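For clarity, every value in this text was computed on a predicted model and none was experimentally measured.
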Amino acid sequence: MGSRPLRDGLALLRSRYAALGLSRPLPLDRVMVGTRSEREGAYGGFHHPNQGYRHLQMRALITVSGPLSSGLPADPELAALDLLRAYAHDCLHYGSFRSYRLRGDEIVRTQYGVNFRRYDGRTYSAPDLAGSPTTRNLGVVMEGACDREARAIARQIARRLDITRSEGMTAYVFRDVTGTLTATDTAALSRPAHRATHAPTEPAAAFLESMGKYQESVNARYGRFLADVGRDEAADLHTAVLRATLSGSLTGLSAWLDHRHGPRSFASLFLNPGYPVRFPG
C-alpha cells in the first residue's frame with residue numbers, strides 16, 4: 001500500500017481542484033523530491049527547512065517524510081501521505097493568481113491571490129499582532145486555506161485506507177498531515193523537553209518545533225478566522241477564499257462577505273490603515 005495514498009489522493013485532488021477553478025495542477029516535472037541528506041540526523045517532511053513552492057522558478061521542493069539517512073522512507077505509507085499533503089498544498093500556490101509589473105530594472109509582484117502590494121512594499125493587509133489567536137492578514141488567510149484544503153485531502157485518504165499512527169514522532173507527523181493536531185499538541189510541542197522525548201535527533205526536534213509554530217501561527221489562526229467570520233458557513237467561506245485566491249478576483253468573496261457582514265466587508269476586515277486607499281475590488 002506504500003504508494004496507494006498518493007495515487008488515490010491525486011485522483012481526489014484533480015476532481016476537487018477542478019471544481020475550485022484549478023484545471024491544471026502543478027506538473028510533476030516541476031516537483032523535486034529529496035530522499036537523502038548528508039546532514040546528521042536530518043528529518044524530512046513538510047516542515048523540513050526551506051521546503052516549499054518557489055514562485056519565480058515555478059518549482060516545488062519537497063522532502064520525503066522521516067529520517068533522511070538511507071534514501072528510503074522508514075514509513076512508506078506515512079511518507080506517501082505526507083507527499084500528498086505537500087503536493088496538494090503546492091498545487092494551490094502554483095495555481096494562485098499572480099500579477100507582476102516592471103519598475104525600472106525591478107520586477108514587482110503587485111498581486112498574489114487576494115493580496116495586493118505597492119511598489120514600496122506596503123501590503124493591503126497588516127501583519128497579525130504577536131500572540132493573536134485569529135488572523136486578519138491575507139497572507140496567513142491564503143496560506144491557511146491552502147493547507148486546510150491539502151490536509152483535508154490527506155485526511156480523507158487516510159480514513160479511506162484506514163491509515164493511522166498513534167505513538168511517538170510518527171503520531172505527531174500523522175496528526176499534522178491530516179489536520180488533526182490539537183491545542184494540547186501545540187502546547188506540548190512548544191516545550192523543548194517534550195520535543196526531545198519524542199524526536200530521535202536534534203533536527204527531528206527542530207522539525208517538531210516548526211510544526212507547532214506553523215500550526216499555531218497559520219492553521220489555528222485560519223481556523224479561528226473561519227469560525228469568527230464564517231460562523232455556521234465556515235466551509236462555504238473557505239471555498240470562497242480558495243476560489244478568489246486562484247482567480248485573483250474579489251467579486252465572489254466580497255459578495256459573500258457583504259451579504260453576511262454588510263457593505264465593504266473585505267476592506268473592513270483586511271485593509272491596512274497605512275495602505276493607499278484605492279480599494280481593488
> At what distance, to the nearest 0.5 angstrom, does CG of Asp176 lie from CG of Leu189?
Replying inline: 9.0 Å
> Side chains of Arg118 and Tyr124: is there a donor and an acceptor less than 3.5 Å apart?
Replying inline: no
> How about Tyr112 and His93: does a side-chain donor come under 3.5 Å of a side-chain acceptor?
Replying inline: yes
>> Which residues pass the side chain to side chain donor-acceptor pair (under 3.5 Å) test with Glu216, not counting sequence neighbours?
In response: none
> Does Asp128 pair with Arg221 as a salt bridge, N-O distance under 4.0 Å?
Replying inline: yes
> Below 4.0 angstrom, N of the basic side chain to O of the carboxylate: do Arg175 and Asp185 qualify?
Replying inline: yes
> How long is the span from the OH atom in Tyr275 to the CZ atom in Arg117, to the nearest 0.5 Å?
Replying inline: 9.5 Å
> Which residues satisfy the salt bridge (Lys or Arg N to Asp or Glu O under 4.0 Å) test with Arg54, sequence neighbours excluded?
Replying inline: none
> More than 12 foreign heavy atoms under 6.0 Å from CG of Asp120: is that the case here?
Replying inline: yes
> So which residues get pulled into Tyr214's cluster when ILVMFWY side chains under 4.5 Å apart are joined, directly or through others?
Replying inline: Phe46, Val218
> So, for Leu78 and Arg165, which heavy atoms are closest and what is the spacing to 0.1 Å?
Replying inline: N-NH2, 4.1 Å
> Would you call Arg4-Glu77 a salt bridge at under 4.0 Å N-O?
Replying inline: no
>> Determine whether His238 and Tyr222 satisfy the following criterion, side chain to side chain donor-acceptor pair (under 3.5 Å), listing intermediate values before the conclusion.
In response: CA-CA 9 Å; His238 170 67; Tyr222 179 64; 2.8 Å; yes
> For the residue pair His198 and Tyr172, is the inter-centroid distance of their aromatic rings smaller than 6.0 Å?
Replying inline: yes
> Do Leu6 and Val173 belong together in a cluster built from hydrophobic side chains that touch within less than 4.5 Å?
Replying inline: yes
